Asker: 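I'd like to ask you about the structure that follows.
These numbers were taken from a predicted model, which means no experiment stands behind them. Order of the sequence lines sets the chain letters (A, B, ...), proteins ahead of strands, with each chain counted from 1.
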Amino acid sequence: MKQVYQPMENKRVRTGKYFMMGNVACAEGAIAGGCEFAAGYPITPASEIAHTLAKRMLEVGGYFFQAEDEISAICAAIGASWTGKKVFIPTSGPGISLMLENIGFAVGIETPCVLVNVQRGGPTTGAPSMGLQGDMIQPRRGSHGDYEIIALCPSSPQEMFDYTVRAFNLAERYRTPVFVMADAFIGHMREEVAIPEADEIETTYRRIPKKGADLSTIKVFLDEEVAPMPIFGRGFKSHVTSSCHDEYGNRNLIDPTALDNFIQRLRNKVLKHRDEIVQVESDYDSCELALVAYGAVSRCAKEAVRVARSKGLDVGYFRVITPWPFPDREVQDLSHKVKKILVLENNSGQYYPYVRAEAAGRAEVEFLAPEILGQVHSLDYVAQKIEEMLR
Amino acid sequence: MKQVYQPMENKRVRTGKYFMMGNVACAEGAIAGGCEFAAGYPITPASEIAHTLAKRMLEVGGYFFQAEDEISAICAAIGASWTGKKVFIPTSGPGISLMLENIGFAVGIETPCVLVNVQRGGPTTGAPSMGLQGDMIQPRRGSHGDYEIIALCPSSPQEMFDYTVRAFNLAERYRTPVFVMADAFIGHMREEVAIPEADEIETTYRRIPKKGADLSTIKVFLDEEVAPMPIFGRGFKSHVTSSCHDEYGNRNLIDPTALDNFIQRLRNKVLKHRDEIVQVESDYDSCELALVAYGAVSRCAKEAVRVARSKGLDVGYFRVITPWPFPDREVQDLSHKVKKILVLENNSGQYYPYVRAEAAGRAEVEFLAPEILGQVHSLDYVAQKIEEMLR
Amino acid sequence: MRTDLIIAGVGGQGSLMAGTLLGTAAVVFDNKKALQTQSYSSELRGGAAITWVIISDEEIMYPRVVHPDILIAQAPQAIVRHLSQLKPGGILIVDSDMVKDPPRNGYELIQVPATSIASKEIGNSIVTNLVVLGALIGTTQVVSPDAVEKAIHISVPKSKVDINIKAFYRGLEHAPK
Amino acid sequence: MRTDLIIAGVGGQGSLMAGTLLGTAAVVFDNKKALQTQSYSSELRGGAAITWVIISDEEIMYPRVVHPDILIAQAPQAIVRHLSQLKPGGILIVDSDMVKDPPRNGYELIQVPATSIASKEIGNSIVTNLVVLGALIGTTQVVSPDAVEKAIHISVPKSKVDINIKAFYRGLEHAPK
Amino acid sequence: MSSVEHPLRKYLRPSVEATTFCPGCGDGTVLTSILQAIDELGMTMDDFVFVSGIGCAAWIISPNFNADVLHTTHGRPIAFATGIKLSLPEKKVMVVSGDGDLTAIGGNHLIHAARRNIEMVVICANNGIYGMTGGQVAPTTPREARTITTPYGSLENTFDISRMVQAAGASYVARWTAYQPRQMTKSIKKAIQKKGFAFIEAISQCPVQFGAKTGAGGAVEMLEMYRKSSISVKKAVEMSPQEIEDKIVTGEFIDTAKPELCDEIARLKERIRGEG
Amino acid sequence: MSSVEHPLRKYLRPSVEATTFCPGCGDGTVLTSILQAIDELGMTMDDFVFVSGIGCAAWIISPNFNADVLHTTHGRPIAFATGIKLSLPEKKVMVVSGDGDLTAIGGNHLIHAARRNIEMVVICANNGIYGMTGGQVAPTTPREARTITTPYGSLENTFDISRMVQAAGASYVARWTAYQPRQMTKSIKKAIQKKGFAFIEAISQCPVQFGAKTGAGGAVEMLEMYRKSSISVKKAVEMSPQEIEDKIVTGEFIDTAKPELCDEIARLKERIRGEG
Amino acid sequence: MPKIYILREACKGVNDCGICRFVCPKDVLGISDVLNRKGFSPPEVVDEAACTQCGNCMVYCPDMAIVVEMRKSKKAAQ
Amino acid sequence: MPKIYILREACKGVNDCGICRFVCPKDVLGISDVLNRKGFSPPEVVDEAACTQCGNCMVYCPDMAIVVEMRKSKKAAQ
Ligand SMILES: Cc1ncc(C[n+]2csc(CCOP(=O)(O)OP(=O)(O)O)c2C)c(N)n1
Ligand SMILES: Cc1ncc(C[n+]2csc(CCOP(=O)(O)OP(=O)(O)O)c2C)c(N)n1
Ligand code: SF4
Ligand code: SF4
Ligand code: SF4
Ligand code: SF4
Ligand code: SF4
Ligand code: SF4
Ligand SMILES: [Mg+2]
Ligand SMILES: [Mg+2]
């Protein structure tokens, strides 16, 4: 078979202004964020990420590995991360469902990696090209056991780029999997994407023990302040196991306190740094009602608030950018300032109980699903609900 | 190799009083509940269920299929269910994590099946023989997409038997997967198990279309009142797909309303019958504080309440038997009657936000994890917290 | 000013491509904002191909087209599915080769025999979408013709640039002045 | 009356089996309640084997043994791990072949040379656990000897019944009256 | 003339107007070959349960076949089929799915079903690519072929699926191209009658994804290639590995008898009953 | 005398006092054979990254080997190893795991790694059972053998793992029993030096689960059985299938050269750089 | 003389498919210039007399769009 | 004469293991009646003179509990 080699762009950062598909922006964000190894398996509506990476990764000296299935993809990526590479795993809901065992593994052995879930209509195979925010709790509670996770929720192709970069930084900083929770609507959306110069993009790299470090004397796991990662190939002689272990990686399956320590420290590693991770966008004063939303729906909420205000209604806006770790204090603050909260999600109310629990007893919290699940709410529909709640 | 055939007991129901391990009771419950096909893959701390079934199923004319992996196990069981058999899939957290894609599939094509998760200490491989209630949200939110599920939570070997029987009945009645959420502590616990005579055990069987029914004229999917199941091998010529479909099984991936219909009807099938499904055990009047718990921890809560009352404290008890569908009205009722609620779980508070959200603003809700995650709270520790909350 | 459009046809007519060119012209060359979404899945073939485009001078917040200002119908099904959504007084542009006798009430109707222009005048039916796009720009100036021309340059393979531009201007000329 | 016990040894000593026999005796033959849990995993081999047993006349609600009334130590580690948990005034039963010089304060100490009784008198060290169990029943009557005998009958292979019963009674006799 | 119906049309679901395949897709020919085999055997659709995964090939049976059809998740049809067969041993179970479905994500179920030698017909429509998702490289894509995820050519070796399934333990294994519909039909008939795991690799042209992306051309060009490149198993034995490299070896690879799982279970149950 | 140290002891993690294997477990012999091979090649532990899954065999390297060791989830070590090798092609990557891990739940990764011919040594300690979880039937358990999940004897056929891995595309495949530690060592040396996917099936006695449950006996009885039943590949070729049935065919099944994935990637990157 | 029926509406067009024409040993089939409802050009019989009844067109057609009435066949439609 | 070192504490006992004795062609090894700290009976050298230095015991021992000092070897411990 004839092989034609196309000229290499060889630019890590594809600087410039584009009318770009969200999925492509996501792939470019990964590369700009320093991704060196990506692994995936084709799936609608995320495949364009893989298509972009398949070409671009080779051009920038990395590799896109198309695995035999999603399980292999996440495992290969985790393996690559342990060699010191920044790694990336784009997929959609069914892919994440298959990966969950090993997402938990990545959490357990503290592996930086970035996953993208371009959510599609489901449950199960459902309607692959429709965007539903149907997997919002899955990153946190989908894998068995007790753990914390970091997730970001973009609402535009630009944010597909920006948040993917940030996801890499968070993954490296906290040595843990980070999710970008997109959906088919955002993934297939085209919009202006402005990609800055390489030197304007902040990138973080994980800490690694000093050369020649003796791992029997330094803690390389379960440090709430994030232990340096004893990556492979540098002579550290790391023992890495997801069995319950101590700070040095020694397996301990017998002592109950070892399990407690294992779980708590992994959780605290994220929770103690929640201030550096959690991001919300809000625009409310002590108002009557605030709309809470994330992702594509947050654009609907923002516009609905603008319209409502233009009609003189006392409405505020609260967008969750990082659904996980849960922005508990921010929601508490909100619940102190407003009387009522309306949570908008493009699902049947997955995130809503968490908001409601946190606002407990201060603000009254209601939920509004879209008229048709899978389609962002229409403005009229939201306006009607706002008026009803303010009546 | 020499083969020795042991005498067959050939009794579907192992009537009698035993000092029996929870996992064994669970297997006996499945058989008593009518299980004809079980599929699994060995995993601590659930393996004893498989060991029991491997022998007993053959004796009662059924089959235990040890699959090549957990994915194959759930798929084979779903396939068998579509031939009209009652099917059973015992495993532990890592197994469920692997099965999630196809658990969603079972929900989507409305397949009766019973899963047991004998929860172990994690995340990831963790500590396999320690019991943590670490997977409580996973049945409902672990698979991608928006769906409802039914789950039961036993607190003793006797309930491992009883609830497994009930799980089969619910699965058959609602044509959907049902979880039994045990843990290593209950699974490996031995206690008195009294198994009644076969004719004292209530068993339900799914509805099936009439012989010769023309499926182009009757709805065999997405009926909120539960459609008859057009099982294979009877000439129905069923088209069964987990792609978004209508009431007749016709695939429709284009119309947004088709997805909405698909999701809503599947959810409502469970939610509309929540009164027949939801079970709680409660013992509170208008009291100051109620303890909410489930599974093994509910025994601790119950005893703590007894002790507190014996000291004259105004404390009530609320046990969740069916964590899913969420007992919203029952928790609402509780929150109307008591001032404070203390949620006890052997995890870091997975179910707690759901309780708190539902009690929103009426009762004050707090959470107490055990002193050591993985070990049921000590009574003293709970007593202390009770006193603190009543102070 | 925000303009909401639907371009609807069947697979192979290039409706999505037309939308992307429009968006590229707006964003990259006209310094406007644009947003495109689509009913698209490689798991589906044949059948409807629909794209929604929003062009605006300001930031686009609400991302859906619920009631378009303009409906471009490249196939009869497009009328069936989307005409009822068109804003009262909106513009309906049809490929008159494909859509015969469109209903005529309550909106401005523009008919362009795009398929025949493309296949007969330009010599390749593949550029029908550009003829339609030309008609749109000729009618509404939602983006500048110049921007579209530039967008074509950066979006289609070199060998196809000329024929696309030709088709675009042929469509543009055809629009009622 | 509720009695909480710990039986702790190392793998192969039959600690778990002793606990199960105790529970079976209580539940099936003495009409009492019993609950047994264990630190057990086929993913672990060697090392500690511990079982917790609760025997009670009434329903057992709280399922954990936090402060046992009785600690049976079949190995030195058992003392290290569990003695501090023993209730003040509780009973400590040790296999004196395995546990030399147990600490003596604050509880009732019973020493039985179970391993040597089993291997020398009965002729099989495999029944050490039954000697220990006998000593326990002899000391505390937490279940009836008769119930244990019946429990043995339904729990162990026919060929092993006699030797188990013999070991049990030998242990029982050995207990301080 | 409009009253003329294709003789195999009666096996299709009445509600089906046309298949969803692209023009010239070989999967249509595979579909016809299967129905032809069933027809020639004089069996009815009620003798079968059909199972497929996800992909274009999976849509050969779903919803087209007017029979019990289970359209499952990607890669798992054999696992579902195993449960069905174990519980309904008196029916014929046939899996029809794609190369990606059966050998990439589903590879494990394939080899284990072959090992168990559970009676089942598995037809793998092998188009050398992921058709449905837009032309990504598959384990069956030729080395150096350009696909949408191998823009510089694929660097991976290719499975010899049939050989592997044979090594895993299947009783019957054959490979045919869509240029050999008659042989395929004959082979499917044999497979249906086989007491054991029977596997047919049906090389099927995908002009739209494989043809366009790799440069292999349209339906006719691909069929022409199949015609030219195919050699029989017998002939292949006499050729050197290098000579075979670019060829498609077609024919029956194995046709043998060994213990079948459902049979063994039935026999054991019988024995247990006898002793009970 | 207590100052004498075993010459291979230096390769073990200092904190390790003893392996966790049961007395007489063949996995210890496999462990020694691996270290012996590394020793004889004059390599150091820093030349390697070791990966294992879950099971007794997975504990051969974890935590024992004083090297980079990744102890992973059940069935996935090859998938992890693939990512490691692709990102660290200059290191040797060795997977050591059990038959259940590599061929039951992990079967798909095994065949795909073999297909890709990615340079990697995979040592499968095959004890014919799930040891760690208490003696359940495995795809490698002999037909009719009683295990805890086949109380009436196993009804399933057994994988010929080595043959399957070869059919999937591996460059080097050999099988040895724990009664052949010297041959095993020699073979591991070859495997380490192989540019491609190298697979060694190490038949290893599990007296505690396999031996006890199937009646095969203790460590010595099982070794004696290995000794008696083993025949060489060369001899096997001359024997009929029936004659071979109860035998263990040991030796090298294949040792060939074909394109290796990391090599191919490096070459492509080079080319792209050249043209950039 | 054999009878060849083209089920025009079932055909996906000789332009993209054309398998029937490719496999016909006798060039019996040409291209219809009347599109079917889906916009495809089905084949048309241009030399029925040449047909050998080999059945290729019918057996290979992926869309069951050709029926060749065999002389021996009883079942063939009128 | 060769030197055979039994690393007693590493041994898991000739009762359950005993591989060294099985593979020794010359019955050099017997059973020690002093248990090691884990309670196992290691082998003991009963006929060192008979040892052929074949190395079997060392190579087969699953627990690295035997070291045979080869005459040629320089490395062997004292
Ligand atoms: C778990 C999961 N991963 C990925 C997909 C996306 N997907 C659908 S079909 C397909 C490939 C189909 O390829 P093949 O089996 O060869 O069938 P073809 O379309 O080529 O006939 C993929 C990757 C999915 N549906 N589910
Ligand atoms: C997903 C998952 N399923 C099941 C298990 C339980 N498990 C642990 S080890 C093992 C089997 C090990 O068998 P094998 O690989 O042959 O190793 P061996 O112990 O025999 O050496 C199983 C099933 C697990 N840890 N994870
Ligand atoms: S994409 Fe390929 S395999 Fe799929 S229907 Fe079209 S031609 Fe056939
Ligand atoms: S169970 Fe078997 S394989 Fe595992 S350590 Fe013991 S003897 Fe070895
Ligand atoms: S039957 Fe044969 S000869 Fe006749 S038209 Fe068809 S292909 Fe041509
Ligand atoms: S083979 Fe069939 S579908 Fe193809 S062109 Fe001929 S008649 Fe039409
Ligand atoms: S070296 Fe050989 S002869 Fe000497 S003791 Fe060891 S096994 Fe026996
Ligand atoms: S082979 Fe090793 S472990 Fe086994 S008995 Fe001999 S010295 Fe001990
Ligand atoms: Mg394919
Ligand atoms: Mg094994």
Asker: Could you look at A:Leu132 and say if it's the side chain, the backbone, both or neither that has a heavy atom under 4.5 Å from chain B?
Answerer: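 Side chain only.
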Asker: With respect to chain A, which residue among B:Pro123, B:Gly93, B:Gly142 yields the maximal number of heavy-atom pairs within a distance under 4.5 Å?
Answerer: B:Pro123
Asker: Given heavy-atom pairs under 4.5 angstrom as the criterion, report whether the side chain, backbone, both or neither of A:Leu266 touches chain B.
Answerer: side chain
Asker: Test side chain to side chain donor-acceptor pair (under 3.5 Å) on A:Tyr41 and A:Glu68; report intermediate values, then the result.
Answerer: CA-CA 7 Å; A:Tyr41 187 78; A:Glu68 59 271 23; over 6 Å; no
Asker: For A:Asp255, which atoms come within 4.5 Å of any heavy atom of chain B: side chain, backbone, both, or neither?
Answerer: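 A:Asp255 touches chain B through backbone heavy atoms alone.
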Asker: I'd like to verify something: which residue of B:Pro94, B:Gly104, B:Ser243 has the highest number of heavy-atom pairs under 4.5 Å with chain A?
Answerer: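 Among B:Pro94, B:Gly104, B:Ser243, the one with the most close pairs to chain A is B:Pro94.
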Asker: What part of A:Arg267 lies closer than 4.5 angstrom to a heavy atom of chain B: side chain, backbone, both or neither?
Answerer: side chain
Asker: Dump the intermediate steps for salt bridge (charged side-chain N to carboxylate O under 4.0 Å, His left out) on B:Glu330 and B:Arg274, then the final yes or no.
Answerer: CA-CA 11 Å; B:Glu330 291 73 10; B:Arg274 52 94 62 212; 2.5 Å; yes
Asker: How close do B:Gln138 and A:Ser143 get, heavy atom to heavy atom, and via which atoms?
Answerer: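 Distance-wise, the nearest heavy atoms are NE2-C, 3.6 Å.
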Asker: Which one, A:Phe105, A:Tyr147, A:Phe326, leads in non-hydrogen pairs under 4.5 Å with chain B?
Answerer: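 Heavy-atom pairs under 4.5 Å are most numerous for A:Phe105.
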Asker: For chain A, which candidate among B:Gly361, B:Gly374, B:Ser348 shows the most heavy-atom pairs at distances under 4.5 Å?
Answerer: B:Ser348
Asker: Only pairs of heavy atoms separated by less than 4.5 Å count here; which of A:Pro370, A:Ala360, A:Gly108 has the most with chain B?
Answerer: A:Ala360
Asker: Looking at A:His239 and A:Gly249, would you say the former's side chain and the latter's main chain have a donor-acceptor pair under 3.5 Å?
Answerer: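 Here the side-chain-to-backbone pair exists.
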Asker: At a heavy-atom distance under 4.5 Å, which candidate from A:Ile103, A:Leu259, A:Thr241, A:Asn261 has the highest pair count against chain B?
Answerer: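 Max contact count across the listed options: A:Leu259.
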Asker: What residues of residues 350-357 of chain B sit under 4.5 Å from chain A when you count only heavy atoms?
Answerer: B:Gln350, B:Pro353, B:Tyr354, B:Arg356, B:Ala357
Asker: Got a salt bridge between A:Asp146 and A:Arg141, using NZ or NE/NH1/NH2 to carboxylate O under 4.0 Å?
Answerer: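 Salt bridge between A:Asp146 and A:Arg141, a charged N being under 4.0 Å from a carboxylate O: yes.
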Asker: For the interface with chain A, which of B:Met99, B:Glu371, B:Gln119, B:Glu358 has the highest count of heavy-atom pairs at distances below 4.5 Å?
Answerer: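 If we count pairs closer than 4.5 Å to chain A, B:Glu358 comes out on top.
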Asker: Closest approach of A:Val365 and A:Ala359, non-hydrogen atoms and distance?
Answerer: CG2-CB, 3.7 Å
Asker: Please classify the contact of A:Ile71 with chain B as side chain, backbone, both or neither, using a heavy-atom distance under 4.5 Å.
Answerer: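 It is the side chain, since no backbone atom gets that close.
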Asker: Taking all heavy atoms of A:Cys244 and all of A:Leu253, pick out the closest pair and write down the distance.
Answerer: N-CD2, 4.0 Å
Asker: Hydrogens and angles aside, do B:Thr125 and A:Ser242 bring a side-chain donor and acceptor to less than 3.5 Å of each other?
Answerer: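 On atom types as modelled, these side chains qualify, holding a pair under 3.5 Å.
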